[in-house]
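Working notes for the structure below.
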Amino acid sequence: MKTAPLTEKNKDFFDLVHEVVKLIPKGRVTTYGAIASYLGSARSSRMVGWAMNASHKIEGIPAHRVVNRIGLLTGKMNFETPTLMEERLKQEGIHVINDQIEGFKQLFWDPTIELNIH
DNA sequence: GTCTTGACGTTTA
DNA sequence: CTAAACGCCAAGA
């Protein structure tokens, strides 16, 4: 069976990422690696970032809730405005200092745990 | 068509 | 402990 390439029509890593991101509860955050690991490719964290970039055209994708493993808003500059990500997080009660989420470990929402083991 | 870059993370030296 | 390389796969030039 031929492996389907990543396209808009085919269900792929991107769509799966979008689904997981939508499942992130308000006031919580997750990481690219957590999503990638949940999907089975722990080292495909980069693709998660690409998926977020594609999510721009889709509504309901809280990309601002996805940060890197240290809780740093690495992709904030990719938003409509460089401050939008930080602003949105503050709206949900998440404090961001110097592009870093305060108490990130405490706000961390891991799909591998929350969606599987409880 | 090939080559480089990219919202990252893990592994190895 | 720190530093560097690899892996992942897609899109842009």
Side-chain angles (χ1 to χ4, degrees):
Chain A
M1 179 142 74
K2 187 178 185 299
T3 308
L6 263 167
T7 50
E8 297 179 9
K9 291 183 179 181
N10 294 329
K11 285 286 285 298
D12 46 38
F13 206 89
F14 282 52
D15 281 351
L16 293 174
V17 172
H18 294 158
E19 288 188 50
V20 175
V21 174
K22 286 186 205 173
L23 294 174
I24 301 173
K26 181 185 176 190
R28 298 281 188 173
V29 289
T30 190
T31 67
Y32 308 98
I35 297 171
S37 181
Y38 176 69
L39 298 177
S41 299
R43 298 187 174 116
S44 299
S45 44
R46 283 178 140 161
M47 304 296 83
V48 178
W50 263 122
M52 312 262 67
N53 207 344
S55 72
H56 270 289
K57 64 181 182 180
I58 307 172
E59 292 184 28
I61 309 292
H64 61 275
R65 292 180 186 158
V66 184
V67 295
N68 65 350
R69 74 166 186 94
I70 62 178
L72 193 67
L73 283 59
T74 49
K76 71 170 195 174
M77 54 178 75
N78 207 324
F79 280 74
E80 302 175 56
T81 56
T83 55
L84 181 62
M85 189 174 192
E86 170 175 346
E87 291 283 314
R88 283 191 174 180
L89 289 173
K90 285 197 172 187
Q91 286 182 22
E92 299 186 355
I94 299 175
H95 294 275
V96 179
I97 302 175
N98 194 13
D99 300 338
Q100 185 174 334
I101 295 176
E102 183 182 4
F104 163 71
K105 182 179 180 182
Q106 177 178 298
L107 298 171
F108 181 45
W109 181 83
D110 191 338
T112 308
I113 299 174
E114 303 291 336
L115 298 179
N116 191 352
I117 307 168
H118 187 272

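Below, read A as the first sequence line, B as the second, and so on, with proteins coming before strands; counting in each chain starts at 1. Model, not experiment: these values are computed from the prediction.
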Aromatic plane relationship, A:F14 with A:H18 - under 30° parallel, 30 to 60° tilted, over 60° perpendicular: perpendicular

When all nucleic acid strands are considered with a 4.0 Å heavy-atom cut-off, which category describes A:A63: base, sugar-phosphate, or nothing? base

Pairwise N/O distances under 3.5 Å, protein to nucleotides 3-5 of chain B:
none

Which residues within residues 27-37 of chain A lie with some heavy atom under 4.0 Å of an atom in DNA chain B? A:T31, A:Y32, A:G33

A:N68 versus A:Y32, closest heavy-atom pair with distance: N-CE1, 3.3 Å

Could you state the atom-to-atom distance from CZ of A:R69 to P of B:dT11 in whole Å? 12 Å

To the nearest Å, how far apart are A:F13 CZ and B:dA7 P? 17 Å

Under 4.5 Å between side-chain heavy atoms, chaining through other members, with only Ile, Leu, Val, Met, Phe, Trp and Tyr counted: pull out the rest of the cluster around A:L72, sorted by chain and number. A:I70

Atom CG of A:L39 and atom C1' of B:dT10: how far apart are they, to the nearest Å? 17 Å

Value in whole Å for how far the C1' atom of B:dG6 lies from CZ of A:F14: 11 Å

Kindly indicate whether the side chain of A:R46 and the base of C:dG7 share any N or O donor-acceptor pair separated by less than 3.5 Å? yes

Without decimals, in angstroms, what is the distance between A:F104 CZ and B:dA7 C1'? 14 Å

Non-neighbouring partners of A:L107 that pass side chain to side chain contact (heavy atoms under 4.5 Å, CB included), sequence neighbours left out: A:V29, A:I94, A:I101

A:I24 backbone acceptor or donor facing A:R65 side chain under 3.5 Å: yes

In whole angstrom, give me the gap between the P atoms of B:dA7 and C:dA3. 23 Å

Separation of B:dC8 atom P from A:N53 atom CG, nearest Å, is 11 Å

Answer yes or no: does a side-chain N or O of A:R43 lie under 4.0 Å from OP1 or OP2 of B:dC8? no

Need one value for A:S44: base, sugar-phosphate or nothing, where a base atom within 4.0 Å counts as base even if backbone is also close, heavy atoms only. sugar-phosphate

Please state how far atom CD1 in A:I70 lies from atom P in B:dG9, giving the value in whole angstrom units. 8 Å

Can you list every salt bridge (Lys or Arg N to Asp or Glu O under 4.0 Å) pair that touches residues 93-109 of chain A, not counting sequence neighbours? A:K76-A:D99

Hey, is the main chain of A:W109 close enough, under 3.5 Å, to the side chain of A:T30 for a donor-acceptor pair? yes

With side chains defined as the heavy atoms from C-beta onward, is the minimum distance between A:L73 and A:L89 less than 4.5 Å? yes

Minimum-distance pair of heavy atoms, taken over all atoms of A:M85 and A:F79: SD-CE1, 3.5 Å

Mind calculating the distance between CE (A:M52) and P (C:dA10) to the nearest angstrom? 16 Å

Can a donor-acceptor pair be found, under 3.5 Å and without considering hydrogens, that links the side chain of A:D110 to the backbone of A:T112? yes

Using a heavy-atom distance cut-off of less than 4.0 Å, which residues of residues 71-94 of chain A contact DNA chain B? A:T74, A:G75, A:N78, A:F79

